[in-house]
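Throughout, protein chains are lettered first and strands after them, A, B, ... in sequence-line order, and every chain is numbered starting at 1. Note that these values count all heavy atoms, side chains included, but never hydrogens, waters or copies made by symmetry. If you're wondering where the values come from, they're calculated on a predicted model, not measured in any experiment.
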Amino acid sequence: MSCATARRVISSTRSCVTDPHDYIRLLEACTQSNSLAHGQTVHQHLVKNSYRDSPVVLDKLTRFYISCHQLRLARRVFDTIPIAGKKHNVILWNQMIQAYAWNGPLNNAVELYGNMIENGVVPSKYTYPFVLKACAGLQDVEVGKEVHESVKRDGLESDVYICTALVDFYAKCGCLDDAREVFDKVCGRDVVTWNAMIAGFSLHGMHGDLVRLVAGMQEAGLRPNSSTVVAILPAIGEANALWEGKAAHGYCVRRWFHGDVVVGTGLLDMYAKCGCLSYARRIFDVLGVKNEVTWSAMIGGCVTCDSTREALELFDRVMLEDAMIPSTVMLGIVLRACAKLTDMRRGRRIHGYTIKSGSVLDLMVGNTLVSMYAKCGVIDDVMVFFSEMAFKDTVSYGAVISGYVQNGNAEEALEVFRKMQLSGIKPDLATLIGFLPACSHLAALQHGACVHSYCIVRGLTADTSLCNALIDMYCKCGKIDMARLAFDRTSGKDVVSWNAMIGGYGVHGLGNEAVSLFHDMQAIGVKPDDVTFIGLLSACSHSGLVAEGNCWFAAMSRDFSILPRVEHYLCMVDLLGRAGLLNDAYNLIQKMPVRPDVRIWSALLAACRIHKDIELGEEVSKNIQSLGAEGTGNFVLLSNIYSAAGRWNDAANVRTVQRDKGYKKSPGCSWVEINGVIHAFIGGDRSHPQSTLITKKLDELLAEMKKLGYCAESSFVLHDVEDEEKEKILLYHSEKLAVAFAVLSLSPNKPILVTKNLRVCGDCHTALKFITIITKREITVRDASRFHHFRDGTCNCGDFW
DNA sequence: ATAGGGTTAG
């Protein structure tokens, strides 16, 4: 019966159909012509005429609905067929499962397969590939393995189709060994089998195996097709293997694949990931057919390659000219661009759009929004949005945690990390890497060490970035030996590992160790970068290694082709200035190829204070003020220079100017971790619950200190007050409060680590030496520039900071 | 074929 005839029959006969075969023929015709409306009319008729009990008719009806992509209707009809009527109709089960496997929901495919087994329906060899496809999509290893067992039981282990599906399933689930095992047993592997295997290795970034596989495929006499190329391109991009990328591109041109949208998109994405944005753009421009994915890949490539403006231009163009409706992927890419540019206005606009389109509900888009607000520094908006997210995963928490860390609020990061664990979400690698800097910042050793144990238990310590974060954490928590241990145990050290360790030695005043490690680094063949030299030069500076510092500063551009940045000059000015070579420091500033900024002059001013050079101090101070910079610290330094020289009037004048200009000294804050809790103190602060005890302890210590010859160094006080008052003000400096609290809270044999946001004050530095004698404790203070290890009345900085 | 949070220095 032709379609036209069928249609005529349907419209004329209405209720005259009596033979079920007529229905069957009608439904077949509707299926062929894909006419949903007619088929539904037939459906109504057969319901009226009680043919709904005929399995044969219902079989046809189910297939009709499947072919019209009406899966729900198909399923409803399918379910009305009694099990007896479909027990031997595997083909119908297969069709339903196939439909689900192709169009979703995938778990329906798996569920239906379960029903089938439960009801004693024997699967055919066509059943397995569909179920496996669903398992691959769902990453359902358990069911997939059951299917594999059935395949073995049915003796289908060498069937190419089934085995290809098995390889694909294992590969997508990351069970590459299983995939390999099946793959090796297949007789008559074809291109699709190879592609499944190749795609699996590509998906899991196993670059080396991938290259061998593609070669193996060609040796077996099979030609890679466009799917093969498309599968390997992401891996090439990820490995930054430009040379192989170009080879793949050449192959595409030879085989005439390069005009294909999917291949073209893959190629341009690969080039962008390899950092060759211009190649990517050329492919994009000549590609005849572009779809939404092509545009997304191009725009995302621009973002990756730091051509963020170009990315937004392209986005505007496609939105305006092509009136494209952006997908969630596209929106995520554009939000990342906004984050990179800290373009919050556009970010908010896109956020509005995602609300309208419903994409906000997409977890990835939501997480990108969190990160966008965090990178723009509006942490309040981060929290509002984050708390409203219906679903949060470890990435959401990771974005908030690192958002807090990036905005200098490590304590909040600690709190969010705790909440995350309470809500039952396990931190993954990236979350931990993002969280560790919070521990580093706070010198929260107990939290940091806890993370370390967790990483060991979870087997995450093979990751270089994680080890780097651990090295840094131990350095910043004062545990330089633990840092070195972590460093030594880091396999695959990269430049960041070396930099972290060298910088760590530097801030601990272990300049020689830093230099020696720098030599090791070169011996092993790791190329130092600009950060390495910042760490190395500042290490020399903290340890007074003038000759070494000069030598490496000269070498960095000469032997390593790294042009010194302002930061490097800063280290050198610091190095020379501290060593008392004020003229050399001044000359270096004069020779700088870039204009010296406030930081440079401040470093020199600090040196002037140490070496009591009033004349140069005044000149430097003028330079600073002429830059229009509101460096409060500079007023303090200059005033200190005058006070130290006994020129009290000049010192007072500086303070008056400072006050008139409205500059306030940023408050000094110190903190200490006791049993995993951070206790913070501000100078003169009495808000701590144990304030009375702390004050009492400090008074006791003061009395003892005086007996040993301590005398308050009032040049470190800015206020115009009497000497006894000055003594009190100094006594309640934040670092002393924190130390006193630690003395009260920690058992006598435990070392104390106090952290301060500014540089430690000179009087406190002296006082702490006395306190180590009185309490017989080791006290470490980490200030804004380095560690001070106090022990038996001395500090390892040699009063040289 | 396109997408989210992460390590060093300043």
Would you mind reading off the distance between [X] atom [atom1] and [N] atom [atom2], rounded to a whole angstrom?
X	N	atom1	atom2	result
A:Ile534	B:dT8	CD1	C1'	10 Å
A:Ile232	B:dA1	CD1	C1'	13 Å
A:Leu575	B:dA9	CG	P	19 Å
A:Met298	B:dT2	CE	P	14 Å
A:Phe391	B:dG5	CZ	P	21 Å
A:Ile433	B:dG5	CD1	C1'	10 Å
A:Met330	B:dA1	CE	C1'	13 Å
A:Ile600	B:dG10	CD1	P	13 Å

From C-beta outward on [X], which listed nucleotide comes closest to its side chain: [options]?
X	options	result
A:Thr431	B:dT7, B:dA3, B:dG5	B:dG5
A:Lys273	B:dA3, B:dG5, B:dG10	B:dA3
A:Leu429	B:dG6, B:dG5, B:dA1	B:dG6
A:Ala297	B:dT2, B:dA3, B:dG6	B:dT2
A:Leu570	B:dA1, B:dG5, B:dG10	B:dG10

Below 3.5 Å, can you tabulate the donor-acceptor pairs from side chains in residues 414-425 of chain A to any protein atom, sequence neighbours excluded?
from	atom 1	to	atom 2	distance (Å)
A:Glu415	OE2	A:Arg418	NH2	3.0
A:Ser423	OG	A:Tyr397	OH	3.4
A:Ser423	OG	A:Lys419	O	3.4
A:Ser423	OG	A:Met420	O	2.9

**OP:** Pull out every residue in residues 463-483 of chain A that has a heavy atom closer than 4.0 Å to any atom of DNA chain B, ordered by number, or say none.
**Re:**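 Correct list: A:Asp463, A:Ser465, A:Asn468, A:Asp472, A:Lys476.
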OP1 or OP2 of [N] less than 4.0 angstrom from a side-chain nitrogen or oxygen of [X], does that happen here?
X	N	value
A:Lys493	B:dT8	no
A:Gln406	B:dG6	yes
A:Ser402	B:dG6	yes

**OP:** Could you check A:Thr228, A:Val230, A:Val262, A:Val263 and say which one makes a side chain to side chain contact (heavy atoms under 4.5 Å, CB included) with A:Phe257?
**Re:**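 Option passing the side chain to side chain contact (heavy atoms under 4.5 Å, CB included) with A:Phe257: A:Val263.
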Applying a 4.0 Å non-hydrogen cut-off, can you work out what [X] is touching in the nucleic acid: base, sugar-phosphate, or nothing?
X	answer
A:Val230	sugar-phosphate
A:Lys375	sugar-phosphate
A:Leu331	nothing
A:Lys290	nothing
A:Arg336	sugar-phosphate
A:Ile299	nothing
A:Thr394	base
A:Asp529	nothing
A:Gly332	nothing
A:Asp428	base

With [X], which residues qualify under salt bridge (charged side-chain N to carboxylate O under 4.0 Å, His left out), at least two apart?
X	value
A:Asp597	A:Arg599
A:Arg484	A:Asp488
A:Asp306	A:Lys340

**OP:** Output, in order, the C-alpha distance, side-chain angles, deciding distance and verdict of ring-ring contact (aromatic ring centres under 6.0 Å, His included) for A:Tyr271 and A:His249.
**Re:** CA-CA 10 Å; A:Tyr271 277 126; A:His249 188 182; 5.5 Å; yes
Donor-acceptor pairs are to be reported for all side-chain atoms of residues 310-319 of chain A against protein atoms at under 3.5 Å, with residues two or more places apart or in another chain.
from	atom 1	to	atom 2	distance (Å)
A:Glu310	OE2	A:Arg281	NH1	2.8
A:Asp316	OD1	A:Arg346	NH1	3.2
A:Asp316	OD2	A:Arg346	NH2	3.0

**OP:** Please examine the side chains of A:Asn499 and A:Met521, heavy atoms only from C-beta on, and report whether any two atoms are closer than 4.5 Å.
**Re:**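 Yes. Closest side-chain heavy atoms under 4.5 Å.
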Original post:
Taking the six-membered ring where the residue is Trp, are the ring centres of A:Trp552 and A:His519 under 6.0 Å apart?
Top reply: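 They qualify: ring centres under 6.0 Å apart.
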